[in-house]
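Scroll down for the structure; my scribbles are underneath it.
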Amino acid sequence: MLILTCPNCGIAAEETELSPGGEAHLHRHGPGSSDGEFEEYLFLKENPRGVHFERWRHSHGCGKWFHAARDTATLQVFGTYSAQTTEPPQHIRDAITAARPGWRWRDFS
Amino acid sequence: MSTRLAQGGRLIDRSRQVSFTFDGKTFRGHPGDTLASALLAGGQVVMGRSFKYHRPRGAVAYGVEEPNALVNLGEEGRFEPDTRATTQEIFDGLVAESQNRWPSLDWDIGAVNSLFARFLPAGFYYKMFIHPRAAWKHLFEPFIRRSAGLGRAPRARDADRYEHFYAHVDVVIAGGGVAGLAAALAAGRSGKRVLLVEQSGHWGGRAVVDGARIDGKEAADWVADAVAALDAMPNVTLRTRAMAAGVYDHGYVLVHERLTDHLADKSGLRQRLWRVRAGRIINAAGALERPLSFAGNDVPGVMLASAMRDYLVNHAISPGDRTVIVTNNDDAYRTALALHEAGLIVPAVLDARPVADGELPERARAAGIRVETGRAVVRVKGRSHVTGVEVGLHVGEGSVLEEIACDAVAMSGGWSPVVHLWSHCGGKLNWDEAQAHFRPDPERPPLGADGTGFVRCVGASNGHLRTGDGIADAVAGAAWATGADAGKAPAGEDADEGALMPVWLMPQGAGVKLRAKMWLDYQNDVKVSDVQLAAREGYESVEHTKRYTTLGMATDQGKLSNINGLAVLSGALNAAIPQVGTTTFRPPYVPYTLGAIAGSAARETFMPLRKTQMDSWHVEQGAEFEPVGLWRRPYSYPRLGETVKDSVAREILNTRKNVGILDASTLGKIIVKGPDAGRFVDMMYTNMMSNLAVGRCRYGLMCNEQGFLVDDGVVARLSEDTWLCHTTSGGADNVHAQMEEWLQTEWWDWQVYTANVTEQWGQIGVVGPNARKVLEKLGGMDVSKETLPFMHWAEGELAGFPVRIFRISFSGELSYEIAVPAGQARGLWDAILAAGAEFGMQPYGTEALHVMRAEKGFIMIGDETDGTVIPQDLGLNWAISKKKDDFIGKRGQQREHMVDPLRWKLVGLETEDGSVLPEGAYAVAPGDNANGQRNVQGRVTSTYHSPTLGRGIAMGLVERGPDRMGEMLEFGAGADPVRAKIVDPVFYDKAGEKQDG
Amino acid sequence: MKRYSVFAIAREGLRYHQGWERAWRSPAPQKRYDTIIIGAGGHGLATAYYLGKNHGIRNVAIIEKGWLGGGNTGRNTTIIRSNYLQDASAAIYEKARSLYETLSQDLNYNVMFSPRGVMMLAQTQHEVRGYKRTVQANLLQGVATEWIEPARVQELVPIISISGPRYPVLGAIWQPRAGTARHDAVAWGYARACSEMGMDIIQNCEVTGIDRDGDRVTGVQTTKGAIACDRMGIVVAGHSGLLAQMAGFRLPVESVALQALVSEPIKPCLDVVVMANTVHGYLSQSDKGEMVIGGGADGFNNYTQRGSFHHVEETVRALVETFPMISRLRMLRQWGGIVDMTGDRSAIISKTPVRGVYINCGWGTGGFKSIPGSGWAMAELMAKGEPGPLAAPFSLTRFREGQFIDESVAAGVAH
Amino acid sequence: MAEATTTVTVRDLGAQGMVTLRGDLADETLIKAVRKVTGLTVPGQRGFRRGKSGAVAWMSPDELLLLVPEDKAGSAVADLDRALDGQHHLAVDVSDARAMFAVEGPFAREVLAKCSPADLHPDSLPEGEIRRTRLGQVAAAFWCEGDGIWRVIVFRSVAGYAQALLERSARDGAVGAF
């Protein structure tokens with residue numbers, strides 16, 4: 001039963017107040033994209049055993065979306081941050097590096 | 001035969017009597033008795049029958065770990081099976097019944113199983129009942145099912161109430177023994193929020209029974225003072241009869257509290273499930289004593305030494321005049337001494353160890369008790385109760401040196417820390433050679449959200465079996481949990497104890513005949529020989545052995561049997577115990593009711609039910625409701641003597657002939673506003689919405705990124721920068737969430753605000769040829785087709801109500817949808833009904849709505865769509881903008897399979913004889929596919945009897961359907977397939993003349 | 001190997017069962033095999049079994065990280081049914097179900113397949129339409145299902161409350177020859193048969209790398225050393241993504257936790273399997289007498305085999321309302337497994353970008369019931385290098401083409 | 001820890017003017033407009049301010065809930081639109097979309113804590129703060145207006161469910177945890 005702190009309203013919300021939204025920092029591929037890119041966008045999700053970035057919505061709360069950096073094997077939470085970002089901010093990356101030196105996720109490290 | 005002694009019993013109140021029945025026989029006990037202690041007091045040693053062999057069994061333990069003494073408790077709405085007699089406190093009028101026996105506890109037919117025991121070894125059923133095939137289901141399995149199971153199945157609905165309670169604390173402490181109390185005192189002084197829970201009804205745990213001393217006081221007095229001190233701390237919450245059931249990730253702890261199970265008065269709340277969020281968790285759950293594996297260790301009268309002591313000290317229970325003690329450690333001598341001091345006879349202490357010269361053995365000898373070292377119980381004599389033991393050398397093979405007559409046996413194989421809460425979230429264990437048990441590995445705790453350990457075991461649950469060590473460990477644990485200095489630990493003193501000697505088989509060299517009578521898992525009848533068989537057959541992993549033999553899978557979840565079984569397995573595999581490993585502990589620590597898990601979500605609060613402002617009116621009209629999402633909507637309004645089928649037909653005909661009224665309030669209504677709102681709605685809908693003129697309405701389609709149609713509805717432009725999007729009733733919340741998701745996570749630089757105003761507005765459909773007359777009679781607005789043409793909307797006052805009127809039609813008839821602030825919706829509804837009376841107005845429900853839209857060839861989300869259908873399949877290309885270079889779903893619709901010319905497309909279907917096509921029927925095509933399935937070329941998506949046309953009508957998706965008008969298709973298979981013709985999906989008013997009235 | 005029978009039991013009984021042999025050998029790995037199956041769960045073992053039985057390929061090693069059958073095979077609610085809507089699903093699940101019918105005899109190991117019947121309750125008009133459509137589809141797919149009215153539901157399930165209050169039972173889709181089997185026995189039975197065919201089951205052997213020569217597989221690196229092979233099947237459910245990564249390709253799967261629980265055992269009171277998808281719960285009673293309860297899966301990636309309690313709460317809440325008599329029963333044990341979910345929630349049985357590597361995954365919540373069919377189809381694919389009709393629709397390329405096998409379209413979403 | 005003898009009552013407060021305002025909460029014009037309508041300044045994160053004629057609650061970084069007299073919601077929206085004319089905002093009357101309850105009594109906090117995963121300990125949820133969360137199975141917001149005095153807002157369509165849940169929780173008495 002996860003607890004994630006919503007960066008929008010500051011509440012340490014428990015899982016039942018939140019809705020999971022899948023992989024974070026997806027690049028939307030619309031018309032003009034190749035079949036491969038479109039498949040990548042919709043289906044080829046990151047599924048790591050370890051550091052993962054994902055989207056959550058504080059649905060039973062302020063209603064806002066946010067990002068979380070989490071370990072899928074230990075459920076350790078490295079931090080939460082704004083949904084209005086295209087990549088994890090440095091302080092989150094540093095927090096991860098402190099706990100998981102040498103981590104990689106997609107092109108991020 | 002057991003009985004109650006004239007003196008003693010620290011928990012019982014002899015001044016009062018409590019009367020209850022067991023198997024119909026009346027017993028008497030005292031307040032403070034458990035069902036087990038009261039039955040023992042009444043000489044009832046046999047309390048149940050085992051699962052597989054139906055052997056007679058008595059209580060072997062004192063608490064939650066009891067595998068044998070399980071009963072059916074209570075009656076009717078308060079009947080429950082499998083209740084532990086050892087934890088159920090008695091109250092006046094308690095009714096209990098023994099289980100798993102027929103016709104009676106003493107004469108159980110099922111006991112024949114035990115005659116064949118040697119032919120029913122572990123996993124026997126995997127090896128037999130294979131032939132003939134049908135026999136398993138019809139013969140063998142029914143027999144096994146009947147003889148398995150334990151208690152009776154309840155029949156009645158639960159008469160009790162349950163609730164949840166969410167608590168957020170800094171520290172949860174599980175266990176109210178002296179370690180838990182010491183930890184709570186230290187943690188409490190730090191000022192942190194502390195919750196201390198104890199599963200039994202009493203504080204103090206073992207120390208008060210074993211007569212330890214703390215800070216120079218009797219343990220009992222120290223405990224009383226500690227509880228008083230804790231009670232006085234505002235930041236500390238204390239609970240008895242509250243069991244810490246499980247530890248979940250991120251400090252989530254479930255605590256099961258029993259409020260009335262021990263009372264005769266059941267009027268109050270029965271149980272409460274605490275859903276606790278804790279920063280740190282201290283597990284002070286103590287340790288459990290292990291049985292010894294000797295032949296006949298399951299005969300009623302054989303008991304754990306500590307349990308016998310508990311019954312004696314707490315309830316003044318004599319297990320019998322003569323009790324033999326058998327042990328591999330010093331602690332069991334406490335039982336010998338207690339029995340001796342109570343004036344009972346201890347013919348001998350049989351100690352497997354070569355030497356026993358610790359303080360306790362010496363005290364026993366000094367008391368004149370015969371202590372035999374290097375000795376073992378070879379076999380217990382007696383069947384339904386102990387009559388004696390055969391004694392031999394522990395290092396021998398079981399030759400009998402002597403027989404000792406006795407009526408009880410107290411056994412102790414050492415102690416195992418209760419590490420469940422530590423293990424639930426992955427805490428690892430180390431094997432402690434000296435004490436022969438698993439204890440928490442402080443280096444590998446369960447990790448919390450911050451990546452650090454969030455559970456710590458203290459006291460006996462951390463392997464500190466001595467009072468002094470345990471308390472010191474607990475206080476250190478409190479310091480860890482609070483991050484504050486915990487101060488000096490109270491000093492605990494108890495007798496010095498010599499080393500234990502691991503004994504997994506007694507006697508050591510016991511042959512196969514004896515091993516087949518040594519029980520490991522009492523309830524499931526798993527014996528030493530079974531575990532050895534599993535190992536021999538290659539079920540070497542401890543999980544394999546457990547599952548193959550069912551060891552540890554009984555209602556005690558292996559509390560008594562896991563370690564002994566594991567040791568036997570490691571012996572059979574010639575591997576060290578830690579190499580063999582241990583099985584995973586899963587919540588709950590002790591089973592608790594499903595009712596408590598459901599909590600208050602029962603009956604009227606089971607699930608939310610969304611109601612419109614007109615709901616009470618619908619009820620008064622005797623409407624049949626149907627659930628739509630969480631809403632309920634009138635399905636139809638049958639009148640007296642009318643079937644629902646009749647009333648649906650009547651509602652349709654009347655609406656088409658006169659005028660109908662529909663409660664459309666559940667329709668989703670979302671406001672989209674801002675400089676970029678037009679651009680945004682263009683992305684959300686397949687068609688162009690930005691160029692919609694203010695005052696106009698347009699039907700729109702919403703797809704997901706896959707391109708599949710997910711919602712539809714009418715969009716109205718309210719002002720330059722504001723659109724009102726109507727969605728399906730079930731879809732409003734999803735659509736709004738989708739919009740917010742795109743705005744917050746993809747186009748956050750766009751200036752758009754949305755608001756879901758679905759519930760702000762009641763919405764009333766006035767539909768039919770007389771609709772305009774009704775509105776004109778209500779007055780206040782010009783609703784003529786000139787001022788308010790089709791697909792326009794207007795704002796104004798209708799009969800004094802502030803409204804928005806939308807000229808839209810889902811039935812093909814002249815139709816006004818009137819939005820009014822929800823608070824005034826019922827008022828307007830009544831006004832419309834009054835005005836409509838003279839024009840033959842009648843309400844209609846969702847089924848009439850569905851039929852009328854089908855007659856008109858309009859699609860319905862969820863009928864024509866199912867998550868795999870794109871708008872192009874439904875001939876809705878006109879609603880898909882060619883001009884826009886992007887919208888949600890556009891790319892998805894360009895994929896290979898989506899542009900396949902062979903996709904099934906929407907058509908109308910008409911049976912030759914006018915009958916109604918079967919729901920969901922498929923149109924067959926010639927031949928079978930490669931998997932031998934009949935080929936198909938289409939399917940029915942909606943099918944109804946049309947009262948308007950007096951025949952069956954249907955819509956369906958058919959391969960190249962629109963190109964095959966007039967073709968006949970065969971639906972369904974088997975004897976009589978139904979033939980139907982492909983026709984235009986618009987069955988009624990093709991010209992569209994009706995919508996203007 | 002000694003055949004199992006009542007006579008063997010009797011004979012052994014007389015000598016206290018001292019003469020039983022190992023059910024399967026426990027060999028050290030050889031340097032190379034024709035074929036390596038990664039994952040000794042039900043699907044992996046079944047694949048190996050049918051490779052040997054149907055295609056004569058017996059130089060096979062089945063490599064298992066932990067103990068055989070220790071993953072989802074031993075963690076599910078043992079439901080077996082084939083009342084699926086889409087042709088592709090109905091075909092493979094019905095193949096599996098029909099193989100289950102004779103599995104005990106085929107394996108000479110009693111897997112206790114019990115065709116006690118499975119019903120899925122329709123509690124909304126939408127579900128009524130969805131299930132009636134499924135019955136129509138099943139009719140043409142050769143799957144024996146029928147639509148039954150509430151009265152029949154009550155007759156088959158005396159303990160159910162069909163009148164609601166919240167979601168009255170409007171009927172059900174009923175498959176009389178669906179049922180349950182003893183999950184561990186399925187893995188053990190296949191393992192014993194594979195071992196008897198001379199295949200090596202290598203437990204406690206974790207794959208640490210997959211060797212390639214260009215785009216062709218040559219073997220695996222394991223904690224027990226390198227093992228060469230020409231052909232490899234990856235059949236590891238929740239860990240498929242990780243293995244695919246080692247092999248050098250990506251999979252459209254996400255790993256989530258799925259939970260189940262059992263009550264304390266009671267005397268028989270429920271003979272059939274009941275699924276209620278509107279309220280996300282299903283219930284059956286094991287031969288031991290435990291009420292076996294399953295519910296929904298978590299919505300986020302998770303490898304811990306620990307699900308979130310609120311899913312248990314939601315399921316129990318719904319079942320207590322639907323079967324009021326279970327309220328006073330106690331939860332004995334709860335547990336979780338890691339299931340791999342694909343984009344359309346249907347499985348993948350397919351060739352991969354790496355020549356010689358075949359993948360079988362994505363069974364999501366429906367793994368156990370499909371084991372024999374899945375193994376049958378996977379074996380055919382691996383033996384021939386091309387999918388047979390059972391496997392063909394489950395290819396890895398369907399996501400790109402948009403050719404989904406979507407079962408959620410009928411109301412029957414839960415497996 | 002003695003069980004409270006007195007009870008907690010649950011009352012539907014009936015009509016209450018409510019306006020949702022979305023916009024830039026730091027914007028001077030908006031702050032002025034809110035003061036004009038409610039006489040109150042915009043509260044900070046999760047803040048709740050009560051004035052003579054109304055109240056303001058912080059709902060999210062770009063959303064406020066204004067409580068105004070029943071008959072003033074319409075004019076409040078008009079005033080806000082006028083004041084914020086030409087700048088990006090959304091003001092909408094939601095009075096009819098919601099129901100408001102009074103939960104009052106010595107263990108009111110515990111009644112709410114039986115239904116909501118929010119931390120209702122006095123130190124964690126003091127007066128002057130609004131908490132948006134889950135009440136049983138529906139969305140809700142509540143705040144404290146004095147010792148044992150609570151206000152709860154839910155969507156109108158589930159008012160019946162919310163009231164039944166709160167009344168049931170009140171009926172089953174105090175827990176004795178706070």
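Chain naming here is simple, since letters A, B, ... match the order of the sequence lines and numbering starts at 1 in each.
- In this structure the side chain of B/Val940 never reaches within 4.5 angstrom of the side chain of B/Pro918, judged on heavy atoms.
- Only the side chain of B/Phe708 comes within contact range of chain C, judged by heavy atoms closer than 4.5 Å.
- Both the backbone and the side chain of C/Val6 come within contact range of chain B, each with at least one heavy atom under 4.5 Å from a heavy atom of that chain.
- Proximity of C/Leu140 to B/Gln933: side-chain heavy atoms (C-beta onward) are nowhere separated by under 4.5 Å.
- Among B/Glu626, B/Glu141, B/Arg934, B/Glu80, the residue with the largest count of heavy-atom pairs under 4.5 Å with chain C is B/Glu141.
- Counting heavy-atom pairs closer than 4.5 Å to chain B, the top-ranked of the candidates C/Gly13, C/Gly289, C/Ser327, C/Pro324 is C/Ser327.
- With a 4.5 Å cut-off on non-hydrogen atoms, C/Trp188 touches chain B through its side chain but not through its backbone.
- With a 4.5 angstrom heavy-atom cutoff, B/Asn929 touches chain C only via side-chain atoms.
- With a 4.5 angstrom heavy-atom cutoff, B/Tyr125 touches chain C via backbone and side-chain atoms both.
- Taking the six-membered ring for Trp and the full ring otherwise, the centers of B/His544 and C/Trp24 sit less than 6.0 Å from each other.
- With a threshold of 4.5 angstrom between heavy atoms, C/Leu319 does not approach chain B through any atom at all.
- A cation-pi geometry, defined here as NZ or CZ lying under 6.0 Å from the six-membered ring centre and within 45° of its normal, does not hold between C/Arg398 and C/Phe404.
- Between C/Arg306 and B/Asp249, at least one side-chain nitrogen of the basic residue sits less than 4.0 Å from a carboxylate oxygen of the acidic one, meeting the salt-bridge criterion.
- Contacts of B/Asn524 with chain C are made by side-chain atoms alone, with heavy-atom separations under 4.5 Å and no backbone atom involved.
- For chain B, the nearby part of C/Asp184 is the side chain; its heavy atoms alone come within less than 4.5 Å.
- Of the listed residues (C/Arg333, C/Lys288, C/Arg330), just one forms a salt bridge (charged side-chain N to carboxylate O under 4.0 Å, His left out) with C/Glu264, and that residue is C/Arg330.
- The choice from C/Tyr109, C/Phe323, C/Trp335, C/Phe7 that makes the most heavy-atom pairs within less than 4.5 Å of chain B is C/Tyr109.
- Using a 4.5 Å cut-off between heavy atoms, C/Leu68 contacts chain B through both its backbone and its side chain.
- Side-chain N or O atoms of B/Arg547 include one that pairs as donor or acceptor with a backbone N or O of C/Gly74 at under 3.5 Å.
- No donor-acceptor pair under 3.5 Å is formed between the side chain of B/Thr605 and the backbone N or O of B/Ala601.
- Per-residue counts of heavy-atom pairs under 4.5 Å with chain C were compared for B/Arg586, B/Arg155, B/Glu896, B/Lys513; the largest is that of B/Arg586.
- Both the backbone and the side chain of B/Ile130 come within contact range of chain C, judged by heavy atoms closer than 4.5 Å.
- With a 4.5 angstrom heavy-atom cutoff, C/Gln285 touches chain B via backbone and side-chain atoms both.
- In terms of non-hydrogen atom pairs under 4.5 Å with chain C, the most contact-rich of B/Arg84, B/Gln99, B/Glu847 is B/Arg84.
- Of the listed residues (C/Gln203, C/Glu101, C/Glu290), the one with the most heavy-atom contacts under 4.5 Å to chain B is C/Glu101.
- Interface remark: C/Leu139 contributes side-chain atoms only to the contact with chain B (heavy atom separation under 4.5 Å).
- Counting heavy-atom pairs closer than 4.5 Å to chain C, the top residue among B/Arg133, B/Arg515, B/Glu540, B/Glu543 is B/Arg133.
- Contacts between B/Ala554 and chain C at a heavy-atom distance below 4.5 Å involve the backbone alone (N, CA, C, O).
- Only the side chain of B/Leu254 comes within contact range of chain C, with heavy atoms under 4.5 Å apart.
- Chosen from B/Val936, B/Asp160, B/Leu70, the residue pairing most often with chain C at heavy-atom distances under 4.5 Å is B/Asp160.
- Looking at B/Tyr162, only its side chain comes within 4.5 Å of chain C, counting heavy atoms on both sides.
- For the set C/Glu314, C/Gln141, C/Met112, the count of heavy-atom pairs under 4.5 angstrom toward chain B peaks at C/Met112.
- Contacts between C/Phe113 and chain B at a heavy-atom distance below 4.5 Å involve the backbone alone (N, CA, C, O).
- In this structure, chain B has no heavy atom under 4.5 Å from any part of C/Ala191.
- Heavy atoms of B/Phe140 lying under 4.5 Å from chain C are absent altogether.
- The candidate from C/Gly189, C/Ser5, C/Pro158, C/Gly336 with the greatest count of non-hydrogen atom pairs under 4.5 Å with chain B is C/Ser5.
- Taking C/Ala8, C/Gly66, C/Ala10, C/Pro115 one by one and counting their heavy-atom pairs under 4.5 Å with chain B, the maximum is reached by C/Pro115.
- In this structure, chain B has no heavy atom under 4.5 Å from any part of C/Glu12.
- Checked by atom type and distance alone, the side chain of C/Glu94 never pairs as donor or acceptor with a backbone atom of C/Val143 at under 3.5 Å.
- Heavy-atom distances place the backbone of B/Pro608, and not its side chain, under 4.5 Å from chain C.
- Remark: the backbone N or O of B/Arg152 is paired with a side-chain donor or acceptor of B/Asn72 at under 3.5 angstrom.
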Do B/Arg939 and B/Asp866 pass the salt bridge (charged side-chain N to carboxylate O under 4.0 Å, His left out) test, and can you show the C-alpha distance, the side-chain angles, and the key distance before you say yes or no? CA-CA 12 Å; B/Arg939 63 180 180 89; B/Asp866 64 4; 3.1 Å; yes
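- Both the backbone and the side chain of B/Thr555 come within less than 4.5 Å of a heavy atom in chain C.
- Note: B/Pro154 leads B/Ala930, B/Pro154, B/Ala598 in heavy-atom pairs under 4.5 Å with chain C.
- With salt bridges taken as basic N to acidic carboxylate O contacts below 4.0 Å, one links C/Glu313 and B/Arg275.
- The residues B/Lys127 and B/Glu537 are annotated as salt-bridged, a charged nitrogen and a carboxylate oxygen being separated by less than 4.0 angstrom.
- With B/Phe625 as the aromatic partner, B/Arg633 does not meet the cation-pi criteria of under 6.0 angstrom to the ring centre and within 45 degrees of the ring axis.
- Looking at B/Ile870, there are no atoms closer than 4.5 Å to chain C (heavy atoms on both sides), in backbone or side chain.
- A salt bridge does not link B/Glu919 with C/Lys132: none of the charged nitrogens is closer than 4.0 Å to a carboxylate oxygen.
- A donor-acceptor contact shorter than 3.5 Å is absent between the side chain of C/Ser263 and the backbone of C/Met331.
- Relative to the ring axis of C/Tyr4, C/Arg192 places its NZ or CZ within 45° and under 6.0 Å from the centre.
- Contact of B/Thr83 with chain C is made through backbone and side chain together, with heavy-atom distances under 4.5 Å.
- Looking only at distances, a side-chain donor or acceptor of C/Thr322 sits under 3.5 Å from a matching main-chain atom of C/Ala318.
- Looking at B/Arg632, there are no atoms closer than 4.5 Å to chain C (heavy atoms on both sides), in backbone or side chain.
- For the pair B/Trp136/B/Met128, no side-chain contact is recorded, criterion being any heavy-atom separation below 4.5 Å from C-beta on.
- Contact of C/Asn108 with chain B is made through backbone and side chain together, with heavy-atom distances under 4.5 Å.
- Only the backbone of C/Ser286 comes within less than 4.5 Å of a heavy atom of chain B; no side-chain atom from C-beta onward does.
- By the 4.5 Å heavy-atom criterion applied to side chains, C/Val111 and B/Tyr126 are not counted as neighbours.
- At a 4.5 Å heavy-atom cutoff, the contact between C/Glu21 and chain B is made by backbone atoms alone.
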